[in-house]
Amino acid sequence: MADPAVGRGMRGAEAVTTADGTVAGGSGAGVITRGLRRHVDRVGYHLPAAAVFVGTIVLWELSVSALRLQRFILPPPTAIVAALASEADLLRRSALTTLFEAVGGLAIGVIAGLLVAFLTVRSSTARNALLPVAVAANAIPIIAIAPIMNNWFGVLNPLSKMMIVALLVFFPVMINVTRGLTQVEPSVLELMRSYAASEWTILRRVRIPNALPFFFTALKVSTTLSLIGAIVGEYFGGSSEVLGRVIVQSASRLRFDITWAAIFLGAVTGIVFYLLVVAVERLVMPWHASLRGQEG
Amino acid sequence: MTDGGGSAGETRAVGDPVVSIRGVHKVFQVADGRTRALESIDVDIQRGEFVSLIGPSGCGKSTLLRLIGDLTAPTAGIVTVNGKPARKARLDRDYGMVFQAPVLFDWRTVEGNVRLPLDIMGVRGRERDRRAREMLELVELHDFARHYPRQLSGGMQQRVAIARALAFEPKILLMDEPFGALDEMTRERMNSELLRIWERTKTTIVFVTHSIPEAVFLSSRVIVMSARPGRITNVIDVDLGRPRNEETREQERYFQLVTAVRESLRGRVDGETPVASPDRTMAEGTIG
């Protein structure tokens, strides 16, 4: 799983490292102009994406009225906004409950994934036995067992949705973190050996920092998975005030404006959740910013 | 000086060679049998010496260095470091190691990387920071203390690795082709830099290289090795004066010594291997 941010950030990296001895240092006025330039660069960088987004919305609105599309086929964005306003209460409560299920499941899955990953670090036998199974399990559509989780933990119990999410999230976290903890360069281990470092020291000083990028890659995938898991889990039954039920029930009443409003809310929640993880990632791994060339 | 504990029956007098290698053999088990990586190696390295190990690829020079550092164990023979078995010396943190790759941690700043051994060895607070600063000044990278390794060039990264190796003031510095990945210009500058550091710190240095000029310029002694099996074929005392600088590279004696090392390498190759040409080009090619 490649980190999408790495490829994006390669621009500018050359500017930082030049020939030996002439690396751009942090001299007074240069920092300010550079900071300003970076800011302008950034706005310029996001401009095309913003234009595509706005353009799509406008095109959507115009084509619905131009083609005289029926409202239950595709409601125009304005109708969806209206539904967001009129059903604000229900939608807000539903989104919060679904988010609660997603976050709870994510927490369970991440903790379980981390635990297993750390346990397998000590034993290569356990790792060789577990990793292929985990990779295989990761390939099966786990979401298919949602009805069974509903059956086991109770349709109305949020725990049933959390367990679906936890299962979805467990495998990518476990696989990635195991790789991060074990894929350490042999020369690094030799260096630590030359310091007569203990296994614990190696874990703390080498393996865990080495696994951090792997962990955050998995976590970013997992935030999306957690909302998918929670919403699809709700399709198979649950309290009526969750996004999945709102989507199913409004669709069956042909109130697709509400359906779209719920989908929109789910999308926004997912994006915010994702950005939150990205923010934490940058906080925890400042050196990663240096790889992207965003730090002077 | 620490007592060896007498566990290996080594009773050499204190103050004797820093590194003593006696009758060492190393055999590697490979898919189609065994490779004799090192055979009948006997070497003494004195305190404060700068010794280079030179030879063609596969002559076991890196293996010999790793035996001194107890990163691998001999099949037969005894390696004594600071009067102790090599393993004890490693556990006592008697040596610093520099590899061909800088092996820096991406997640630590330049200063953080230099501090690494101090963190591991429990040096704390102001003392730790002072030493890290001092080492960065020694390799002239104090202006880059807060940079991350990836922001530095290859030569600068290797200087960080040297500062890190010296940070805990080890008695011996083991260097495995530390400048092998650098271009010729940077390499020559790093050579002068290393000599300056060596003269200031008085550390004993064992240096693996496949560059003849580098070996001659740096060393007080050059140990010439041959491959299959890895053996010591010649030991050349480098009687160039100190301090050495760019002028040293133009002295008559310097060229004589370079020729002497090259002929040692070649002589052995001609005597042992029917196909001499690839190794010969290697020996001549590095004259740069």
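Throughout, a chain's letter reflects where its sequence line sits, starting with A, and its residues are numbered from 1.
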Proximity breakdown for B/Met121 and chain A, heavy-atom pairs closer than 4.5 Å: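 Contact with chain A: side chain only.
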With a 4.5 angstrom heavy-atom cut-off, is it the side chain or the backbone of B/Asp183 that approaches chain A, or both, or neither?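 It is neither, since no heavy atom gets under 4.5 Å.
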Test B/Asp129 against B/Arg115 for side chain to side chain contact (heavy atoms under 4.5 Å, CB included), laying out the working first. CA-CA 8 Å; B/Asp129 296 343; B/Arg115 266 194 338 234; 3.7 Å; yes
Side chains of A/Phe273 and A/Ser226: closer than 4.5 Å at any heavy-atom pair?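 Yes, at least one pair of side-chain atoms sits under 4.5 Å.
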Any side-chain heavy atom of A/Phe215 sitting closer than 4.5 Å to one from A/Val284?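 SC-SC contact between A/Phe215 and A/Val284 ruled out.
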Under 4.5 Å from any heavy atom of chain B, what part of A/Glu185 do you find: side chain, backbone, both or neither?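 No part of A/Glu185 comes within 4.5 Å of chain B.
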Under a 4.5 Å heavy-atom cut-off, does chain B meet the side chain of A/Ser194, its backbone, both or neither?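 It is both, since atoms from each part get that close.
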Out of A/Ser198, A/Ser187, A/Pro209, which one racks up the most heavy-atom pairs below 4.5 Å with chain B?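 Ranked by heavy-atom pairs under 4.5 Å with chain B, first place is A/Pro209.
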If you count heavy-atom pairs under 4.5 Å with chain A, which of B/Pro117, B/Gly96, B/Pro149 comes out on top?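 Among B/Pro117, B/Gly96, B/Pro149, the one with the most close pairs to chain A is B/Pro117.
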Output the option from B/Asp70, B/Asp143, B/Leu91 having the highest count of non-hydrogen pairs under 4.5 Å with chain A.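 Option with the greatest count: B/Asp70.
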Test B/Glu111 against every option in B/Arg128, B/Arg146, B/Arg130, B/Arg131 by the salt bridge (charged side-chain N to carboxylate O under 4.0 Å, His left out) rule and name the one that passes.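 Filter result, single survivor: B/Arg146.
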Using distance alone, with no hydrogens and no angle criterion, decide if B/Glu246 and B/Ser192 have a side-chain donor and acceptor under 3.5 Å apart.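 B/Ser192 and B/Glu246 do have a side-chain donor-acceptor pair below 3.5 Å.
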Mutual orientation of the aromatic rings belonging to B/Phe207 and B/Phe50 [parallel < 30°, tilted 30-60°, perpendicular > 60°]: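 Ring orientation, 0 to 90° scale: tilted.
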